[in-house]
Every structure is written in C-alpha cells, then in structure tokens.
There are 2 protein chains.
Amino acid sequence: MSLRHALLGLLAEKPASGYDLLKRFETSLAMVWPAQQSQIYGELAKLNEGGLIEITGTGARNRREYGITDAGRAELREWLTEPGLDLAFRSAALLRVFFLWTLTREEGTAYLERFARENRERLATLEAIRDNVEWTGDPAQIAGWLILEYGIRGSRTAEEWARWATEQLTEHLP
Amino acid sequence: MSLRHALLGLLAEKPASGYDLLKRFETSLAMVWPAQQSQIYGELAKLNEGGLIEITGTGARNRREYGITDAGRAELREWLTEPGLDLAFRSAALLRVFFLWTLTREEGTAYLERFARENRERLATLEAIRDNVEWTGDPAQIAGWLILEYGIRGSRTAEEWARWATEQLTEHLP
DNA sequence: TAACTCATGTAAAAAGTTACATGATTGG
DNA sequence: CCAATCATGTAACTTTTTACATGAGTTA
C-alpha cells in the first residue's frame, strides 16, 4: 500500500489537487513509483473518506485541493519508520536478459546494446535536470535531489554493466 | 504480462514442475521478478490450456512436469525481440527516501544507514554465490551470471549512494 | 511416528492498468 | 473560436498478494 503513502508524503509538503499530484507522479515520482490517473483519484477519495486528508479549497474547473490532516501525518510517519526495508523490485528489462541465451548471439548483444543506450540517454536526461534545477535549501527538494542522484548513479552503473554484458555474451555464447 | 514469459523462459531451459519453478522464483528470479506460488500455478494452467506448454511427465505426490511447446517457444521469442524497452521499476525503499525530510535528521540518516547496510549485506550474499557456483559454459547459466553481476554492481552502487546520501542529509537538513 | 519437504489448488481481496466519459477554462 | 490544458470520475479488466486447504512421500 505504498501509493497512499506517496500521496500523503506529497501532501505533507503542500496542499495539492489530484491533477497536481498526477503531474508529480509523471515527473519526479515516475522513477520510483509510477501511478495512473485513475488510481490517484481513487486513492484520494479513500484517503479523504478515511480522514487522512481533507479538502482545503476549491478552484476553477471543479478543482479540489487536498491537505494532509494530523491523522494523515501520523500514518505517514508510521510508514516511514517501519522497521522492514523492502529492497525488492521488478524489472521486465532485466528479466529478458535471463532468457537472452535462447536468441542468437547477435540478437542477444543487440538487446544489451539497446539496454546500454537507453540508460545512457536517461543518464543525460537526469544530469540535465540536476544541472538546470535551481536548488534552494528546501528540505523536500533535498530529498528529491537525493533520489535524482540515485537515478544518475543507477543509470551509469546499468550502462556500464550492459556494455560489459555485451562483451561477455560475445565471448561466451556459441 | 511478464510472468507468463518468465515461466516460458524457464521451461525453455528444461522441463519442470510448478514446484521446481517456484523454487527458481524464490532464488535467482526473486531479484528481478518476484512471484507467489498461487500465481505460478494459475499461470501454468493457463499456459497449458493455451498450448504454450504441455505436460511431459508425472511423478510422486501428484507432481506434473511441464515442457515448452513450439508455440510457447515462438511466443517467448516474440516477447524477447519486442522493440520497446521498459526501464521502469518500483521501489518502496526509494519512495520512502522522498519523504525522509518529514522526519528528524537523526531518523532520516538512520534510515539511509539501514539502506546502506542492507545493500552491503546483499552484496556479500551475491558475491558469495558468484564465487561458489561452479560455472560451466552453459548458455542459460551465463545469462544468470550476467544478472548476478548486475545485482552485485547495483548493490555496490546503492550502498555507496546511501552513504553519500547520509552525509548530504546530515549537512543540509536542519 | 512426528516433523519436514514436496506438491498442487483455489478463493478473496488488493493493487494496478486501460479505456471511456465529460466538461470547464485558457491562450493564441 | 479552436486547440490545448486543466480537472475529475468510473467501469472493466488484469495482475499480484494473502490466506486457506489438502495430501503424499521422506527423514530423523
């Protein structure tokens, strides 16, 4: 149930509408927790009903702005301080690598080269963001900066790995 | 729909029962595509019904061994050679980092230190596996080795990042 | 013979995706 | 005034998780 906590976390920073939150999921949070529009609106309704967030204002075009409540802040805090740390993740791109041996060597290395290229491109994108954002000392922004740096280092590692893996496949596959 | 392809990929190597496959999901595949027992058995039934796999033998304790069919191999191949490359992933552990600024500096750094430690432990585990497995030249094993190396490099990068992030939080959070 | 591992199945709930549906406001 | 963006909602479907349920063979 991480989506609800992601929403609570975003609202802890400042009040926002479903639409505002959707935009954040499409940009900064896309990297660590993708979410669809339908899911966001649905979850907001539940959080509101449960008293973890509340409507703090309305605007044009039926806009509803939500703010986090004390109960919401407590729930967020509890989640953040939970002892367990789940390092698990799912990657369809890596899963495919597992079965690359069923293809020809050329097809296999082509896939890994594509993998490398995509990561190199993402690296460039993330570095551009890092270098163009105006970094104030805002606490929430600092957390975002840490994640961005994770993405940069991760992309670099993934690209280097993919180039190394291409070589291995070339050498070791018949 | 990656689970079905993961199953097809495993069966492309050699026939196996649902239980055998479950064990592989708990070990090697856990890193890139976790799956529950109920999901595996359900998907196997569907694949069998769809003619992508077939029963190739039975054993004690109601054991049923499945093998991949030509249709299954074709489906696997199609999936592996699809043009799109989905780099997206979900990480609850990273999502939490986004909201660390809502905690005290001590709580925040404690989380990142835990993050570092868990990754260091995983690194040690994976390196131990790499150093103790007997590496034959088997193509399927080589693919597994590439994934293992990805895990090793990724854990190392994550650990280093977490230590760096701890420093940043100490410096920049009030 | 008791505990453990092997072995499969299914039901219910939760989470996530895709698609459809609608309408207001704003900027060029 | 037209296109783009803002803004929300929901229905249907797929995927994943959790839990319950059962029983056969193996090992100490």
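Residue numbers begin at 1 in each chain, while the letters A, B, ... track the order of the sequences. As a basis for the values below, the full set of heavy atoms in this structure was taken, side chains included, without hydrogen atoms, waters or symmetry mates.
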**OP:** To the nearest 0.5 Å, tell me how far A/E26 CD sits from A/Q36 CD.
**Re:** 9.0 Å
**OP:** Find the distance A/L95:CG to D/dT15:P and express it as a whole number of Å.
**Re:** 14 Å
Original post:
Roughly, in whole Å, what's the span from OH in A/Y19 to P in D/dT5?
Top reply: 8 Å
**OP:** Give me the residues of residues 29-65 of chain B where at least one heavy atom lies under 4.0 Å from an atom of DNA chain D, by number, or none.
**Re:** B/W33, B/Q36, B/Q37, B/S38, B/Q39, B/A60, B/R61
Subject >> B/N48 versus B/E54, closest heavy-atom pair with distance >> reply: OD1-CA, 3.6 Å
Subject >> Minimum-distance nucleotide (side-chain atoms of B/K23 versus D/dA7, C/dC6, C/dA14) >> reply: C/dC6
Subject >> Face-on cation placement of A/R153 at B/W164 ring, 6.0 Å and 45° thresholds >> reply: yes
Subject >> B/E149 (side chain) donor-acceptor with B/L146 (main chain) under 3.5 angstrom >> reply: no
Original post:
Given atom CG of B/L7 and atom C1' of D/dT16, what is their separation to the nearest angstrom?
Top reply: 14 Å
Original post:
So does A/K23 have more than 12 non-hydrogen atoms from other groups sitting under 6.0 Å from NZ?
Top reply: yes
**OP:** Please check if the side chain of A/E75 supplies one atom and the backbone of A/L52 the other of a donor-acceptor pair under 3.5 Å.
**Re:** no
Subject >> Between P of C/dA7 and CG of B/L22, the distance in whole Å >> reply: 11 Å
Original post:
Which part of the nucleic acid does B/R90 contact within heavy-atom distance under 4.0 Å: base, sugar-phosphate only, or nothing?
Top reply: sugar-phosphate
Original post:
On DNA chain C, nearest-nucleotide positions of B/S17 versus A/S2: which is more 5'?
Top reply: B/S17
